[in-house]
Asks: 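Sharing a structure with you now.
Keep in mind that this is a model prediction, so the values were computed, not measured. All heavy atoms count here, side chains included; hydrogens, waters and symmetry mates do not.
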Amino acid sequence: MKSLKKALVVFSLMVCAMAAMNAQQHITNFGIVNTEKVYNHFYRNSAAIKTYEKKKADMQAEINKKTQELKDLKARKDQFDKIGDTEASNKLAIEIKEKTEYLRDYTTTKNLELQNLKKSLSESNEFYVKLSKTIKRVAENEGLSMVLSLQGENAILWYSQTVDITDKVIKEMEK
């Protein structure tokens, strides 16, 4: 729903910009930036990203290890079930249940940690200040009037005041 609203806002802005373009008899050029790709390129070899990737790999290794343990326990339980040892089977069933819950909690907790770490990395002020300045410089050099984000959040990354028709809209509405 939120992305639909953002898309409608972007569409409305584009329609307004096109209307202004027709009235001013010049072509408005738009640009698109894939900020995620820029971010990944910019930080690929940074220590922070290496730490993130290591934590991610460690988490996956632990999940794989615990998953294999569960498979082994289930296989042992099946063997006890086949020979009719219900006491041993029931003990393993309890252990399997506990380890399954642990794995689920571990996975949830670690995924949340990774998401928070990734979010803090992607919201680095230094990065976004540099990105914003670079987008403005490239857009002006390329003769663009507006630059939109491919990811859709904060869709308008930069725009030239020449495409802002707010004052004209206000004047028309006052008539």
Asks: Rounded to the nearest 0.5 Å, what separates atom NZ in K56 from atom CG in N111?
Replies: 9.5 Å
Asks: Answer whether the closest heavy-atom distance between the side chains of N141 and R137 falls below 4.5 Å.
Replies: yes
Asks: Checking N64 against Q68: is there a side-chain donor and acceptor pair closer than 3.5 Å?
Replies: no
Asks: Donor-acceptor pairs under 3.5 angstrom involving side-chain atoms of residues 84-91: please list them, not counting sequence neighbours.
Replies:
{"unit_1": "D85", "atom_1": "OD1", "unit_2": "A88", "atom_2": "N", "d": "3.2"}
{"unit_1": "S89", "atom_1": "OG", "unit_2": "K77", "atom_2": "NZ", "d": "3.4"}
{"unit_1": "S89", "atom_1": "OG", "unit_2": "D81", "atom_2": "OD1", "d": "2.4"}
{"unit_1": "N90", "atom_1": "ND2", "unit_2": "T86", "atom_2": "O", "d": "3.2"}

Asks: Decide salt bridge (charged side-chain N to carboxylate O under 4.0 Å, His left out) for K74 and D78; before the verdict, give the C-alpha distance in whole Å, the side-chain angles of both, and the deciding distance to 0.1 Å.
Replies: CA-CA 6 Å; K74 287 178 182 177; D78 288 344; over 6 Å; no
Asks: Taking everything shown except K66 itself, do over 12 heavy atoms lie less than 6.0 Å from its NZ?
Replies: yes
Asks: Tell me the closest heavy-atom pair linking A139 and V147, and the distance in Å.
Replies: CB-CG2, 3.7 Å
Asks: Do K133 and K136 come within less than 4.5 Å of each other through their side chains, counting heavy atoms only?
Replies: no
Asks: Would you give me the side-chain donor-acceptor pairs under 3.5 Å for residues 93-104, sequence neighbours excluded?
Replies:
{"unit_1": "T100", "atom_1": "OG1", "unit_2": "I96", "atom_2": "O", "d": "2.7"}

Asks: State, to 0.1 Å, how close Y106 and I63 come at their nearest heavy-atom pair, and which atoms those are.
Replies: CE2-CG1, 4.0 Å
Asks: How many angstroms lie between CG in L114 and OG1 in T109, if you round to the nearest 0.5 Å?
Replies: 11.0 Å
Asks: Can you tell me how far CZ of R76 sits from CD of Q79, rounded to the nearest 0.5 angstrom?
Replies: 8.5 Å
